[in-house]
Amino acid sequence: AFTRRDLVLAPGLAPTDDAGAENGQWPVLACDLEARQCAPFTQVADDGIDGIAVHPLSGEIFVADAGAKALSQFSAEGELLASTEMEVPASPVIRLDSGLLFMNSASGPAISVLRYEADHFGKQLDEILLLPPAAVNTGQNRVGDFVRLGEYWWALLFNPEDGNADLFRFDSNWQFVEEARLPSGFRPKYLSTWIDKLLVADPGSLEVLRFNAEGMAVAPLVSSSLRQLAQRVARDTSRWLLAWRIA
């Protein structure tokens, strides 16, 4: 997640943190991409962060912990403001919109609508069921990533048994509009917005799909730097395997 100071908050380890790597603890780092420097943002937590979001105006940080079944709110400086116990999905997604907090449900094809004011933090106002016919027919009864772009919501619904997911578009009231057409073999996992475009990423693909606000596919995003990195890794791996076979 990006903070208001253009820092990136993400779980990670410093190159010299051997102790952290051994015990499996991944503290939150605040990274300055321009300076290429990261520093621990340990005020938030040392572990247990499965979902994170930053309020664009106040800078407050919202954290979901699936293991502890907890949703917490921190100030921009990392001070704990509120926390509550609740069912949290294994891969929680937190979105803030119209003064409300949205999170995918742990128990079905739904999105929970929550309040995040200090006096009513975590109080549930609604549970929105997402039931596109195609998703119902294929057992895609869990919500993965979801995001709002313009007047529409986009959501990935997946089958918890085989992981197969498809992308669906809904109007501002969460009424089903259409299913997006994805290339054969593309396995969507992450959604993001970029100006007036929706970005759809598959961890196994170097191409990032793009859709405009009306659901029309446009040219995919291809990073030349990422492609060069992948080629270098593949080349190094090939050399390592050749050396292993010779040995």
Side-chain angles (χ1 to χ4, degrees), residues 1-12 26-35 38-106 110-128 143-156 170 172-174 190-199 201 213:
F2 283 87
T3 71
R4 290 187 304 168
R5 294 176 294 162
D6 292 331
L7 299 176
V8 179
L9 293 181
W26 292 74
V28 175
L29 301 179
C31 299
D32 186 329
L33 297 185
E34 291 189 2
C38 292
F41 196 74
T42 52
Q43 300 96 321
V44 172
D46 291 330
D47 54 13
I49 291 182
D50 299 295
I52 188 169
V54 177
H55 195 291
L57 300 179
S58 67
E60 293 171 342
I61 302 164
F62 297 86
V63 169
D65 184 343
K69 297 183 179 181
L71 180 68
S72 303
Q73 179 183 19
F74 297 85
S75 69
E77 292 72 33
E79 177 188 358
L80 180 63
L81 301 177
S83 184
T84 186
E85 292 185 3
M86 63 169 46
E87 289 294 327
V88 176
S91 299
V93 177
I94 304 171
R95 301 297 183 199
L96 303 168
D97 187 79
S98 303
L100 298 170
L101 186 150
F102 297 81
M103 185 172 69
N104 49 339
S105 174
I111 292 177
S112 302
V113 184
L114 310 169
R115 298 179 64 174
Y116 60 82
E117 306 96 308
D119 295 339
H120 304 281
F121 182 73
K123 180 180 179 181
Q124 185 165 343
L125 298 177
D126 200 358
E127 186 88 348
I128 303 170
V143 178
D145 206 351
F146 64 96
V147 69
R148 183 166 184 167
L149 176 62
E151 296 300 315
Y152 297 99
W153 285 97
W154 298 74
L156 291 172
F170 303 83
S172 58
N173 293 318
W174 289 102
Y190 303 110
L191 303 179
S192 184
T193 57
W194 180 28
I195 310 177
D196 59 346
K197 299 292 189 298
L198 174 78
L199 305 184

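Numbers here are sequence positions counted from 1.
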Let me confirm one number: the CG-OG distance from Leu100 to Ser112, rounded to the nearest 0.5 Å.
12.0 Å
Close side-chain approach of Val28 and Val63, heavy atoms under 4.5 Å:
no
Specify the closest pair of heavy atoms between Phe170 and Ala155, including all atoms of both residues, with the distance to one decimal.
CE1-CB, 3.9 Å
State whether the number of non-hydrogen atoms from other residues, nucleotides or ligands found under 6.0 Å of Glu117 atom CD is greater than 12.
yes
So Met86 and Gln124, do their side chains get closer than 4.5 Å, heavy atoms only?
no
Determine, stepwise, if the pair Leu191 / Val93 fulfils side chain to side chain contact (heavy atoms under 4.5 Å, CB included).
CA-CA 10 Å; Leu191 303 179; Val93 177; over 6 Å; no
Would you confirm whether His55, through its side chain, and Ser58, through its main-chain N or O, come within 3.5 Å as a donor-acceptor pair?
yes
Between Leu198 and Tyr152, is a side chain to side chain contact (heavy atoms under 4.5 Å, CB included) present by the stated rule, with each step listed?
CA-CA 11 Å; Leu198 174 78; Tyr152 297 99; over 6 Å; no
Spatial distance of atom OG (Ser91) from atom CG (Asp145) [nearest 0.5 Å]
10.0 Å
Test side chain to side chain contact (heavy atoms under 4.5 Å, CB included) on Leu81 and Phe121; report intermediate values, then the result.
CA-CA 10 Å; Leu81 301 177; Phe121 182 73; over 6 Å; no
Under the side chain to side chain donor-acceptor pair (under 3.5 Å) rule, collect the residues that match up with Lys69, sequence neighbours excluded.
Glu87
Parallel, tilted or perpendicular for Phe102 and Trp153, by the 30°/60° rule?
tilted
Apply side chain to side chain contact (heavy atoms under 4.5 Å, CB included) to the pair Asp65 and Asp50, showing each step before the final yes or no.
CA-CA 5 Å; Asp65 184 343; Asp50 299 295; 3.7 Å; yes
Quick check: does any side chain N or O of Asn104 sit under 3.5 Å from a backbone N or O of Phe146, one acting as donor and the other as acceptor?
no
Please report the closest heavy-atom contact between Pro40 and Leu29, naming both atoms and the distance.
CA-CD2, 3.8 Å
Please round to the nearest 0.5 Å and tell me the distance separating atom CD1 of Ile111 and atom CG of Leu114.
11.0 Å
Rounded to the nearest 0.5 Å, the CG atom of Leu9 sits from the SG atom of Cys38 at a distance of 10.5 Å
List in chain and number order the residues that pass side chain to side chain donor-acceptor pair (under 3.5 Å) with Asp32, two or more places apart in sequence or in another chain; answer none if no residue qualifies.
none
List the residues meeting side chain to side chain contact (heavy atoms under 4.5 Å, CB included) with Ser72, not counting sequence neighbours, and say none if there are none.
Phe74, Leu80, Ser83
Using 0.5 Å steps for rounding, measure from the CD1 atom of Ile61 to the CD atom of Gln73.
10.0 Å
Note: Leu149 and Lys197 closest approach over all heavy atoms is CD2-C, 3.7 Å
